[in-house]
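To start, the structure itself, in structure tokens.
Reckoned from all heavy atoms, side chains included, excluding hydrogens, waters and symmetry mates.
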Amino acid sequence: MTAADTTASARPAAAAKAVSTGRGGPNWRRWLLHLATVLIVIAWLLPTMGMLINSLRPASDVARSAWWTALTPTGQFTFENYVHVLAQSGLPNAFLNSLFITIPATIIPVAIAAFAAYAFAWMKFPGRDVLFVLMVGLLVIPLQATVLPVLNGLNALGLVGGGPIAKAVPFLAIWLAHTGYGLPFAIYLLRNYMGGLPREVFESAAIDGASPATAFFRLAIPMSVPALAALVIFQFLFVWNDLFVALMIIGATRSDLLPMTLVVANLTNSHGGGWEYLMAAAFISMALPLVVFFAFQRYFVRGLTGGAVKG
């Protein structure tokens with residue numbers, strides 16, 4: 001073995017040693033990233049842990065001491081807050097109302113956005129780019145600025161108040177409102193993802209005689225499942241946690257149609273008392289969104305990053 005060969009073989013070992021000792025830099029950067037991640041997780045978990053512990057404490061303990069004192073040997077836990085919320089606040093009916101609002105208000109915009117995103121990504125028509133830019137521009141308009149014209153339009157159509165359509169389909173107005181509010185982001189996300197799909201696949205399908213509808217249902221939709229799943233999570237959480245739109249359209253007078261957000265917000269009295277019930281109700285309302293997130297989590301990151309570069 002020559003001196004050159006010895007030097008060449010020693011270089012990888014020296015590089016590995018430099019990395020392992022931190023002289024190359026990656027080690028301390030990796031540990032710094034891990035430390036930052038742990039700190040962020042702790043910052044998010046601490047308030048949630050405090051809410052959970054307070055929801056399991058008697059009202060007298062909640063008013064007298066901080067939540068971390070419950071972790072001492074003298075701490076007491078009870079399910080009375082959850083029993084009170086489920087029995088007296090009308091939460092079960094509100095849970096069903098939230099389901100009736102959220103499921104259609106998630107399916108409708110996702111379905112419409114899929115068609116629109118495919119058209120923006122793979123079909124050519126006059127004004128396509130201008131329409132897409134205008135649609136993206138809608139993302140910067142505050143939701144609160146649109147409530148009055150939306151309410152006026154829904155009222156003119158008889159979809160709110162005492163109109164016949166409102167009585168027959170009481171949640172139709174809020175379905176349409178959430179569809180309109182969710183479509184700009186939904187189309188933007190799906191268009192970027194579909195625009196990054198392999199062009200050769202669609203060209204081969206066109207050569208084989210596939211129509212745009214066939215290419216959409218047989219190619220674009222199956223390949224866009226990660227983006228669709230991520231969008232379902234976003235839209236579901238947005239509608240489920242919505243308070244403002246539900247309050248404006250349903251109002252506080254239709255107690256039989258109130259979703260969970262409005263019922264939970266009404267659990268505290270005007271003097272700020274009863275917020276231990278608010279904690280219990282908040283955790284009950286979190287159950288279904290957590291199930292939805294964990295059901296689609298394997299698609300979540302892929303759906304968000306898939307169209308970040310291409311398209």
Side-chain angles (χ1 to χ4, degrees), residues 101-147 149-150 153 174-242 245 289 292-293 295-311:
I101 292 172
T102 305
I103 293 177
T106 300
I107 295 175
I108 294 173
V110 171
I112 296 175
F115 285 99
Y118 178 80
F120 280 122
W122 294 105
M123 299 178 69
K124 296 185 181 298
F125 53 89
R128 182 186 67 170
D129 295 335
V130 174
L131 287 176
F132 184 72
V133 171
L134 291 175
M135 187 274 304
V136 174
L138 295 176
L139 292 172
V140 304
I141 299 178
L143 184 149
Q144 293 80 3
T146 64
V147 170
V150 167
I174 196 167
W175 292 343
L176 295 177
H178 279 301
T179 298
Y181 290 134
L183 274 178
F185 175 76
I187 296 174
Y188 174 75
L189 177 66
L190 291 180
R191 185 267 176 191
N192 285 349
Y193 192 92
M194 290 185 179
L197 297 177
R199 180 177 295 274
E200 295 80 7
V201 175
F202 294 94
E203 292 176 349
S204 300
I207 292 174
D208 292 338
S211 64
T214 302
F216 173 75
F217 287 108
R218 301 290 294 273
L219 298 176
I221 291 298
M223 290 190 293
S224 302
V225 168
L228 291 170
L231 181 59
V232 166
I233 293 175
F234 272 119
Q235 183 68 12
F236 187 93
L237 294 180
F238 172 76
V239 179
W240 183 269
N241 295 321
D242 169 69
V245 177
V292 172
F293 176 78
F296 294 99
Q297 66 170 338
R298 60 176 177 155
Y299 301 112
F300 188 66
V301 176
R302 290 169 54 195
L304 290 182
T305 60
V309 177
K310 296 182 180 181

If every non-hydrogen atom of [X] is compared with every non-hydrogen atom of [Y], which pair is closest and at what distance?
X: A121; Y: G195; value: CB-N, 3.9 Å
X: Y193; Y: P226; value: OH-CG, 3.6 Å
X: L228; Y: A114; value: CD2-CB, 4.4 Å
X: F115; Y: A111; value: CD1-O, 3.1 Å
X: P109; Y: P104; value: CD-O, 4.0 Å

Point-to-point distance, once rounded to the nearest 0.5 Å, from [atom1] of [X] to [atom2] of [Y]:
X: Y181; Y: L139; atom1: OH; atom2: CG; value: 14.0 Å
X: I101; Y: W240; atom1: CD1; atom2: CH2; value: 9.5 Å
X: I174; Y: D242; atom1: CD1; atom2: CG; value: 6.0 Å
X: S224; Y: L231; atom1: OG; atom2: CG; value: 11.0 Å
X: W175; Y: T106; atom1: CH2; atom2: OG1; value: 12.0 Å
X: I187; Y: L189; atom1: CD1; atom2: CG; value: 11.0 Å

Donor-acceptor contact below 3.5 Å, side chain [X] vs main chain [Y]:
X: Q235; Y: A105; result: yes
X: N241; Y: L237; result: yes
X: T146; Y: L143; result: yes
X: S211; Y: T214; result: yes

Original post:
Within 45° of the axis and under 6.0 Å from the centre of the six-membered ring of F120, does NZ or CZ of R128 qualify?
Top reply: no

**OP:** Mind telling me whether Y188 and F185 have parallel, tilted or perpendicular rings, with 30° and 60° as the class edges?
**Re:** tilted

Original post:
When the ring planes of Y118 and F202 are compared, do they come out parallel, tilted or perpendicular, using 30° and 60° as the limits?
Top reply: tilted

**OP:** Walk me through it: do I108 and H178 pass the test side-chain contact (heavy atoms from CB on, under 4.5 Å)?
**Re:** CA-CA 9 Å; I108 294 173; H178 279 301; over 6 Å; no

